[in-house]
Amino acid sequence: MDVSHILDPLNDAQREAVSAQDQNLLIIAGAGSGKTRVLTHRIAWMVQVEGTSPYGILAVTFTNKAAAEMRGRIEHLMGAPAGGMWVGTFHGIAHRLLRAHWQEANLPKTFQILDSDDQYRVIKRILKSLDLDESQYAPREAQWFINAKKDEGLRADKLHDNGDHHLHELIRIYKIYEEQCQRGGMVDFAELLLRTHELLNNVPSVLEQYRRRFSKILVDEFQDTNTIQYSLLKLLAGNESSMFAVGDDDQSIYGWRGAKIENIHQYNRDFANVRTVRLEQNYRSTKTILGASNALISNNSDRLGKELWTDGSEGDLITVYTAFNERDEANFVIQQITKWMDEGNPRNESAILYRSNAQSRVFEEALIRQRIPYRVYGGLRFFERMEIKDALAYMRLIANRDDDASFERVVNTPTRGIGQRTLEILRATANENKKSLWQAAVIIMENKLLPARAATALHAFLVLINDMSKGSDNLPLHELAEQTIESSGLKEHFKKEKGEKGSARIENLDELITAARSFIQSEEEADLDPLSAFLSHASLEAGEQQGSEWEDCVQLMTLHSAKGLEFDTVFLCGVEEGLFPHQRSVDEPGRLEEERRLCYVGMTRAKKHLFISHAEMRRLHGSDNYCTPSRFISEIPKEYVNEVRPMTSMTPSYNHKTKAKPSSAIKIEVEITDGLKLGQRVTHAKFGEGVIVNYEGHGSHARVQVNFNHAGSKWLVAAYANLATV
DNA sequence: CGCAGCACCTTTTTT
DNA sequence: AGGTGCTGCG
C-alpha cells in the first residue's frame, strides 16, 4: 500500500501522531498546528495501512460543523465515502444509540428531543405549578441546576440537600421535571448523554456490543469534554479499544458550562500508557502574532506546557488602538477594513471579534453606513425561531401526542379560546392521573369536566390534531409541513402580525416547507420514519443562519464562536477591564484564566494582521462608562505592539485625562471651538443627530468629523455647519 | 380571553 | 438601549 498521500503532507510531530503504534494517545495540538489534519490522516492510516475496518471507528466532535468537516476531509483523503464509520457529535451519537436501544433505555420509540427553549418552558411551568416564589426560584437557575447535575451524571435521587432549603427545592423541581419528561417521552440535550451513559452502564449486552464494535475511538476538542462525556468515552473504550484524544488546554473556554480541562490529566490516569504527542509548529500566524500570544498565555498557571513556533515571517506589529469611544472604535475598524479591501483583499478574510453579542450593534451600524456587506454569527438560528417552533410543535404532536411541551406551546396558538382556566384543569388532571396533557384532555372530554364553551374549543383542538395526523404517514414531508402550517391556522395568525416582522415570519414558514422538501434522511437515520428524522434534525442541528452565507462578507462574531476559524485580519475589540475580562470573571482566578485563554484563542485566529482596540469610554446598557484597557493588553510585550491613538497628529489631551465627574453624558475636556468638544452630541439641520469624533484646526478654521446616527460620517467646517449641541 | 404597557435584566454557546 | 416576560385592564 502506498501511504505517501497520508504521511507526506505531515511534519515530524504530526507524522508521529498519525502513525503511532500505541493504544492510547493524547495529542496536544496548539492553535493552527494542523489538528484536523492529524485526526483525518490518523483515520486514513488506520483504515488503509493498519487495515482497520471503517465499521470499527468512532470519531466524536462537539459541533455539527466540525463533524461535517471531518467527514468531508476523510472522504476526500480516502477517495471513498466513510461508510460504516461513526462520525458525529456527542449528542448525535447518543441519539443514535438511544434510537437503536429505546426499549433498554426505557424510552418510547417516538421520544422527542427538547432544545433549551423547550426545556425552559417545561421548567417554568413546573415552577408555576409548585407555586414557588419566582424571585427566589428563577426558571433559568433551575434549568442551569438540572443541566449541571445531569452533566455530572447525577439524577435527582442521588442528590442531597444537606438541610439547605433552597437546594431541597431545586432537587424537588429536578425530580418533577424528570417525571414529566419521562411521561412525555421528552429528552433534553443533557439527558441524551446521561441516558446513553446509563444504557451502557446498565445493559451489559449493549455495552459489550459497542465495545467490540468500536475498536478505535477518536475525540476532537478533548479539553471541552464534561464529566458525562468523558465518562461515556471511558465506558465505550473499555480496556481493549484504542483512544486518540486531540485537544489543547490553552483553548479550553467552556469551563462555565461544565467542560473539565482536568479530563486531560484524568485521561492519563484512567487509560493505560498514554503517549503524549505535542504539535507545536504553527502554520497559521506570523512570528509576531505567535510571540504575543505565547507571552499572553504564559501568564496562566497549570498549563500542560507548550510553546508554539513558526517558520513564517515576522509580519506586521500588532496594532493596539485606543479609541475614544465605541463609535470611534468601530470607525477605526471599518477604516482599516476599507483599506484592506482597497488593496484587493476579500472581505471574508477579515473578522471583528468581541466578547459579548451586544457589542456587534455599533459595528453593524458603521458597516451599514459604509455599505459594506457583513455577516453576524450567532443569535437565533432557523429552527429556533418562534414561528418555526410553533409549526414544528404541531408536527411533533402528530408524531407523539404525549409531547407535553409541544401541546402547551400550540394548544392556544393561534388563539382558539383555550385559556388559562382550561389549561389549569388539564394540568391538574394530567398530574392526578400521571398522564400526558393529551390523554388528560381525552379524559376530560369523556367525563364532561369542562364548561360547554371550553369543551367545544378543546374538542376542536383534539379533532384538529387528529385530522392533521390522518394520512400523514403517506404524505411527503414537505406536504405535511405545508398542510400543518395551513390547517393549524399559523399562516393566518402570522399574516395578521403587522409590519416587516409578520411577513418575515411568513417567509420563514415557507422556508420550512422548502427545508422539508430538501431534507434528505441520512443512512444512519434509516430506522426513523421521515417525520421523526426531520424533527430530530431540527432539534439537534438548529440550522445555520439565513442566506447570504456565501457572499463575500466581513465576519462578526463572539470570541467563543471564532474558535476553530482563521482569518487574514482579525480585530479584537472592546478589550477593556470589565468587558474583557468580563466583570463576572475577574474575582475568581480560574475564571480569569479562562478569559485569558479566550483572548489567546482570539489572537491566534489571525494569520497576518492583528488589531486590538479598546475604548476609553463606552456606552453600555444605556449609560456611559469610563473604561481602562484590559490587563491582557499590558501582558503583551511592547516589542510586538504598535500603539495608535485616534487620528491625525493632533493628539488631544484626553489621553492624560482630567477626569470629570462621571455623571453628565460625555465629558472629554477638549474644546475645539465655542461649545464643541470631542464626543459632543450635536444636531445638524440636514444630517440629524450625531457625535463629534475628530477635528482639525482651531477656532474659525476648525473642521470637525461628525458621526451622524443616520447620515454616516461627515467632515464639516465648524463655522458654517451650524451645529447645535444636544 | 387578549392586548398593552411596565418592570426587569443583561457573558460566553452547543447540542 | 433593547428585548422579554408579567400584570393589570378592557
Identify all pairs in which a protein N or O lies below 3.5 Å from an N or O of nucleotides 12-15 of chain B, and state each distance.
from	atom 1	to	atom 2	distance (Å)
B:dT12	OP1	A:Asn357	N	2.7
B:dT12	O4'	A:Arg355	NH2	3.1
B:dT12	O2	A:Trp256	NE1	3.4
B:dT12	O2	A:Arg355	NH2	2.4
B:dT13	OP1	A:Thr558	OG1	2.3
B:dT13	OP2	A:Asn357	ND2	3.0
B:dT13	O2	A:Arg257	NH1	3.0
B:dT15	OP1	A:Asn64	N	2.7
B:dT15	OP1	A:Asn64	ND2	3.0
B:dT15	OP2	A:Arg381	NH1	3.2
B:dT15	O2	A:His91	NE2	3.4
B:dT15	O4	A:Ser116	OG	3.2

Task: For A:Asn357, side chain to side chain contact (heavy atoms under 4.5 Å, CB included) partners two or more places apart - done: A:Tyr354, A:Thr558
TODO: To the nearest 0.5 Å, tell me how far A:Met70 CE sits from A:Leu39 CG.
DONE: 4.5 Å
Could you list, one pair per line, each protein nitrogen or oxygen that sits under 3.5 Å from a nitrogen or oxygen of nucleotides 8-10 of chain C, together with the distance?
none

Task: Set of salt bridge (charged side-chain N to carboxylate O under 4.0 Å, His left out) partners for A:Lys495, sequence neighbours left out - done: none
Open item on the list: Tell me every residue that passes side chain to side chain contact (heavy atoms under 4.5 Å, CB included) with A:Asn299, counting only those two or more places apart in sequence or in another chain.
Closed with: A:Arg596, A:Glu635
Open item on the list: For the backbone of A:Ala504 and the side chain of A:Asn508, can you confirm whether one donor and one acceptor N or O come within less than 3.5 Å of each other?
Closed with: yes
Task: Those residues that, when tested against A:Ser231, pass side-chain hydrogen bond (donor to acceptor under 3.5 Å, both in side chains) (two or more places apart) - done: A:His197
- [ ] Please state how far atom CZ in A:Arg618 lies from atom P in B:dT11, giving the value in whole angstrom units.
- [x] 16 Å
Task: Interatomic distance, A:Arg361 CZ vs B:dT10 P [rounded to whole Å] - done: 19 Å
Task: Spacing of A:Glu364 atom CD relative to C:dA1 atom P, expressed in whole Å - done: 18 Å
Task: Sugar-phosphate only, base, or nothing, as touched by A:Asn412 at under 4.0 Å among non-hydrogen atoms - done: sugar-phosphate
TODO: Would you please confirm or rule out a distance under 4.0 Å between OP1 or OP2 of C:dG5 and any side-chain N or O of A:Lys124?
DONE: no
- [ ] Assign A:Ile418 to base, sugar-phosphate, or nothing according to its heavy-atom contacts below 4.0 angstrom with the strands shown.
- [x] sugar-phosphate
TODO: With sequence neighbours left out, write down each residue that passes salt bridge (charged side-chain N to carboxylate O under 4.0 Å, His left out) with A:Glu198, or none if nothing qualifies.
DONE: A:Arg155
Task: salt bridge (charged side-chain N to carboxylate O under 4.0 Å, His left out) partners of A:Lys149, counting only residues at least two apart - done: none
- [ ] For DNA chain B, determine which residues of residues 574-584 of chain A have any heavy atom closer than 4.0 angstrom to one of its atoms, and list them numerically.
- [x] A:His582, A:Arg584
Open item on the list: Nearest whole Å is fine: how far is C:dG3 P from A:His621 NE2?
Closed with: 15 Å
Task: Non-neighbouring partners of A:Glu364 that pass salt bridge (charged side-chain N to carboxylate O under 4.0 Å, His left out), sequence neighbours left out - done: none
TODO: For A:Gln180, enumerate each residue passing the side chain to side chain contact (heavy atoms under 4.5 Å, CB included) test, keeping only those at least two apart in sequence or located in another chain.
DONE: A:Val122, A:Arg125, A:Ile126, A:Ile176, A:Arg183, A:Asn431
Identify all side-chain donor-acceptor contacts of residues 449-461 of chain A below 3.5 Å with residues at least two apart in sequence or on another chain.
from	atom 1	to	atom 2	distance (Å)
A:Thr456	OG1	A:Ala452	O	2.7

